[in-house]
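If you're wondering where the values come from, they're calculated on a predicted model, not measured in any experiment.
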Amino acid sequence: MIKPTERSSLRLHHIVALYVGSVLGCGVLILPGLSAEIAGPGSLLSWIFIIVLAFPMALTMGFLSARFPNDGGVSYFVTLAFNEQLGALIGWFFLVSGIIGVPILALTGAGYIAAAYGLSEVFRILIAVSIILAGIFLNYIGMRVSSQVQIIVVLGTICILLGACIGSYRIVDPSHFTPLIPHGWMSIGYAATLLFWSYIGWEAVTHIAEEFEDPKRDVVRGTIIASIIIGSLYLLTAYVVVGTHMYGPGISDVSLVYLIEKSFGQSGMILTGMAGLFVCLAPSISYIGAASRLSYSLAVNGYAPAFLARLSKRYYTHIGGLIFLAGCFSVIFILYSTGLISLAFLIQLPNSTFILTYIGGCAAGMVLLKDSRCALFMSGISLILTSCILLFISWAILFPIGIILIWGIFLMRRRKKWVTC
């Protein structure tokens, strides 16, 4: 068990910081420019559409966390709604997503820093590794400390983004908003599909809900407050990117660099580096914490090696899971550094497992929250949305299929072992 003093220690402001830190990741660095390149000024409609549709998904995770706080997060919800085996499979979907997703976050943010300062690929990898090590260390010493750091990081991110947007507002040109839909209505749909990934992260905090002081009181409130903050920042950044026309071939994926440079001149390079660091450190802390807790839950229930249930004697944190994650992250960084796999390839792998995690959580919400009309409606809308997005992942569906096959072999061997015993 976790040390009692480590439990029930997180309050509303911690919850808001964790949510904002989990969701407002490196997507804010690249998605406003990329979506504008796809749909022009019409990308603002895509942002509004996704912000509205992501709200039910966020609330579904919030309702479930408030009612059923547990280290297992979505995996635990699916176990309660359906069965233990399916819940554990969903848990492994999320765990594998985190194992690949956290290095992607770190490499993307480090790439932004490297581009701002003109650093080589070697320095990019070293920066990414440093971000990962910081996330592991902060989770090792405890959620209370890491949540305090998360608050500082999130406030820094918000200040930099607001500063860049306000500083650039003076050069916003109304003519850049016409024509509103230069590439046709379909471009808005394509941009919206891309922007869906800007809202992945709500599921990460479900694994930490057991450490909230009062989940029933604070989780839904924190979800609503964080949704407003995240949506406002995304939309404001997208508005300024379009209004200043800071997008197009060669600059769309680094549009924030140009915004900050326009706002703060040469000294803006330092702020750009800080922005890149903050927006990838915050979600890294959240996802490492969520994945270490999930690995603990899976191990306790016999669906992962017993080593993962090991706790730190000093901090009572999930040291077994953190060591496991550190090993997996090392393998991914080594493979990336050799050039055998690209970042573009890595990005596509966890997409399908993330979506399946959300589908599992929303389906569980349909079962567990049916006594609340509002919660049931939110779960249903979220289930339809995430199921539709699953249709656009192409060949990446092979990744979760491979996990399912391995999972099936594991279950068959486990049953044979039970029969033999």
Non-neighbouring partners of Arg217 that pass side-chain hydrogen bond (donor to acceptor under 3.5 Å, both in side chains), sequence neighbours left out |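 Listed in chain order: nothing, the list is empty.
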For Ser379, check side-chain hydrogen bond (donor to acceptor under 3.5 Å, both in side chains) against everything at least two apart and list the hits.
->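 Once residues adjacent in sequence are excluded, Ser379 has no partner under the side-chain hydrogen bond (donor to acceptor under 3.5 Å, both in side chains) criterion.
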If we ignore hydrogens and angles and just use 3.5 Å, is the side chain of [X] paired with the main-chain N or O of [Y] as donor and acceptor?
X: Ser382; Y: Met57; value: yes
X: Thr317; Y: Ile319; value: no
X: Asn83; Y: Gln85; value: yes
X: His318; Y: Arg293; value: no
X: Glu203; Y: Gly201; value: yes
X: Ser168; Y: Cys165; value: no
X: Asp218; Y: Ile15; value: no

Check against ring-ring contact (aromatic ring centres under 6.0 Å, His included), Phe307 and Phe324 | CA-CA 9 Å; Phe307 167 77; Phe324 169 72; 8.4 Å; no
Whether over 12 other heavy atoms sit under 6.0 Å from Tyr190 OH =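 Counting other residues, nucleotides and ligands, OH of Tyr190 stays at 12 neighbours or fewer.
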Should we count CZ of Phe49 as having more than 12 external heavy atoms under 6.0 Å?
->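 No, CZ of Phe49 has 12 or fewer neighbouring heavy atoms, counting only those of other groups under 6.0 Å.
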Is the closest side-chain heavy-atom distance between [X] and [Y] below 4.5 Å?
X: Ser43; Y: Val242; result: yes
X: Ser75; Y: Phe94; result: no
X: Thr223; Y: Phe63; result: no
X: Tyr358; Y: Thr60; result: no
X: Pro350; Y: Phe399; result: no
X: Leu308; Y: Leu298; result: no
X: Leu24; Y: Tyr234; result: yes
X: Tyr296; Y: Leu311; result: yes

With rounding to the nearest 0.5 angstrom, report the [atom1] to [atom2] distance, [X] to [Y].
X: Ile188; Y: Ser35; atom1: CD1; atom2: OG; result: 11.0 Å
X: Leu12; Y: Asp214; atom1: CG; atom2: CG; result: 10.5 Å
X: Ile38; Y: Tyr247; atom1: CD1; atom2: OH; result: 12.0 Å

Non-hydrogen atoms of [X] and [Y] that approach each other most closely:
X: Gly72; Y: Leu294; result: O-CD1, 3.6 Å
X: Val220; Y: Ala66; result: CG2-CB, 4.5 Å
X: Ala291; Y: Leu95; result: O-CD1, 3.6 Å
X: Pro400; Y: Ser352; result: CD-OG, 3.0 Å

When the ring centroid of [X] is compared with that of [Y], is the distance short of 6.0 Å?
X: Phe68; Y: Tyr76; result: no
X: Trp407; Y: Tyr303; result: yes
X: Phe345; Y: Trp395; result: yes

Contacts table for residues 361-378: side-chain donor-acceptor under 3.5 angstrom, sequence neighbours left out:
residue : atom : partner : partner atom : Å
Asp371  : OD1  : Arg67   : NH1          : 2.7
Asp371  : OD2  : Arg67   : NH1          : 3.1
Ser372  : OG   : Ala375  : N            : 3.3

So which pairs with a foot in residues 120-131 pass salt bridge (Lys or Arg N to Asp or Glu O under 4.0 Å), sequence neighbours left out?
->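 Non-adjacent pairs meeting salt bridge (Lys or Arg N to Asp or Glu O under 4.0 Å): Glu121-Arg124.
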Mind checking what makes ring pair (Phe, Tyr, Trp, His ring centres under 6.0 Å) contact with Tyr336, not counting sequence neighbours?
->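 Counting only residues at least two positions away or on another chain, Tyr336 forms no ring pair (Phe, Tyr, Trp, His ring centres under 6.0 Å).
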Could you pull out all residues at least two apart from Ser65 that satisfy side-chain contact (heavy atoms from CB on, under 4.5 Å)?
->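 If we apply the side-chain contact (heavy atoms from CB on, under 4.5 Å) test to Ser65, skipping adjacent residues, the hits are Phe77, Thr206, Ala209, Val219.
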